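Report on the structure given below.
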Amino acid sequence: MTVGSSDMNNDVANFYNGSGTVRVAGKIRDRWGGNLHNGYWHDDNDDAPPEVATDRLTDLMIELLAPQPGQKVLDIGCGIGKPAARLLQAHPVRLVGITISESQVDQARTGAAEAGLSDRAAFEYADAMRMPFPDDSFDAAWALESLFHVPDRAQVLAETARVLRPNSRLAIADFVLRTPISDAGMRAVDRICETFGVHSFSSLDDYTAQLSSHGFKDLDVRDISDNVARTGTLLADAWESVRDQLVENGNSAEVDAMIEATREFTSTPEFGYVLISATLS
Ligand SMILES: C[S@@+](CC[C@H](N)C(=O)[O-])C[C@H]1O[C@@H](n2cnc3c(N)ncnc32)[C@H](O)[C@@H]1O
């Protein structure tokens with residue numbers, strides 16, 4: 001089962017490039033260490049701050065990808081390049097990151113230059129639906145919380161399979177839907193899609209079937225829903241704490257919608273979160 005929106009506002013680039021509220025709200029995430037993804041906490045007693053917990057999620061993805069020295073890695077939906085930098089610092093590989101946001105390309109390039117990684121990192125404006133790379137260009141790929149944005153997940157998996165060489169590794173971090181989905185769950189899906197430029201959520205069965213049909217084998221799925229669950233509440237609390245500042249820069253209805261949608265999301269039991277790794281045939 002895959003549910004979401006094709007008719008709602010799905011201007012992802014505008015969401016990430018955006019001005020006003022979204023941009024200011026995004027700065028809170030930047031303060032979380034520049035990772036635009038969930039944190040990972042070992043258990044309820046783990047009091048790691050968000051910047052540590054979000055790096056931990058990156059580290060889990062690095063483990064799953066396990067790139068070999070000299071390999072060329074594709075980062076699908078690279079954000080501002082923080083996960084890419086961590087991967088490059090951990091492994092002697094090269095990386096190309098793509099994002100649908102021009103401002104993220106600039107930030108990722110600046111960040112790589114400041115970290116002394118520019119010789120191994122390239123960041124480009126590109127749509128994952130139509131990747132500007134020849135067949136067999138990469139040895140590994142990851143998509144860290146980007147596939148819920150794309151208009152057609154299967155199309156991106158087909159593109160990923162096309163640009164990867166045989167036997168390449170793929171690692172994905174994404175939300176999945178637990179089915180059956182209640183009416184309240186559907187309302188939460190619609191609201192998240194409208195508010196955060198999300199296109200769709202898939203059930204795990206749909207996801208793994210799509211991966212298999214595009215030639216990915218040896219699928220390994222790790223359900224880390226409980227470990228990431230704290231993220232939404234922390235984010236909503238952080239936004240709430242600077243609500244007045246956010247409202248100054250945007251409009252109050254937009255700010256409140258972001259906070260409410262995030263809280264609703266975290267309390268909707270149908271949303272799970274998985275790390276998936278696979279190898280291309
Ligand atoms: C939630 S952010 C995650 C960023 C990064 N992976 C991280 O973990 O920090 C989603 C990313 O997906 C990118 N994205 C969304 N749709 C895309 C598309 N069609 N093609 C390329 N990138 C896309 C966004 O521009 C953004 O960089």
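Treat the numbers as computed from the prediction; the structure is a model and nothing was measured. Atoms within each ligand, like the ligands themselves, are counted from 1 in listed order.
Residues Arg94 and Asp139 are not paired through a salt bridge, judged by the lack of any N-O separation under 4.0 Å between the basic side chain and the carboxylate. Using a cutoff of 4.0 Å between basic side-chain nitrogens and carboxylate oxygens, Glu159 and Arg130 are not scored as salt-bridged. In this structure, Arg243 pairs ionically with Asp256, as a charged nitrogen and a carboxylate oxygen lie closer than 4.0 Å. Under the 4.0 Å criterion applied to side-chain N and carboxylate O atoms, Arg153 and Asp174 are assigned as salt-bridge partners.
Assignment of Ala143 to the shell around ligand 1 is not supported, since no heavy atom sits closer than 4.0 Å. Heavy atoms of Glu145 come nearer than 4.0 angstrom to ligand 1 in at least one pair.
At least one N/O-N/O distance between Gly79 and ligand 1 falls below 3.5 Å. Remark: ligand 1 and Ala128 share an N or O pair separated by less than 3.5 Å (distance only, no angle test). Between Leu144 and ligand 1, a contact under 3.5 Å exists for at least one N or O pair. Not a single N or O atom of Ser146, backbone or side chain, sits closer than 3.5 Å to an N or O atom of ligand 1. Taking any N or O of Asp127, backbone or side chain, at least one lies under 3.5 Å from an N or O belonging to ligand 1. In terms of N/O distances under 3.5 Å, ligand 1 is approached by Leu36.
Under 4.0 Å from ligand 1, the heavy atoms of Gln104 that appear belong solely to its side chain. The backbone of Cys78, and not its side chain, has at least one atom closer than 4.0 Å to an atom of ligand 1 (non-hydrogen atoms only; backbone = N, CA, C, O).
When each atom of ligand 1 is checked for a heavy atom of His37 under 4.0 Å away, the hits are 7 (C), 8 (O), 9 (O). Ligand-side atoms of ligand 1 in range of His149: 10 (C), 15 (C), 16 (N), range being under 4.0 angstrom from any heavy atom. Close contacts of ligand 1 with Pro83, meaning ligand atoms under 4.0 Å from a residue heavy atom, involve 7 (C), 8 (O), 9 (O).
In the model, Thr160 has no side-chain atom that pairs as donor or acceptor with a side-chain atom of His214 under 3.5 Å.
Between Phe148 and Phe175, the ring planes are tilted. Angles from 30° to 60° get that label. Taking the six-membered ring for Trp and thresholds of 30 and 60 degrees, Phe196 and Trp239 have nearly parallel ring planes, at less than 30 degrees apart.
One distance of note links CD of Glu254 with CG of Leu246; it measures 9.5 Å at 0.5 Å rounding.
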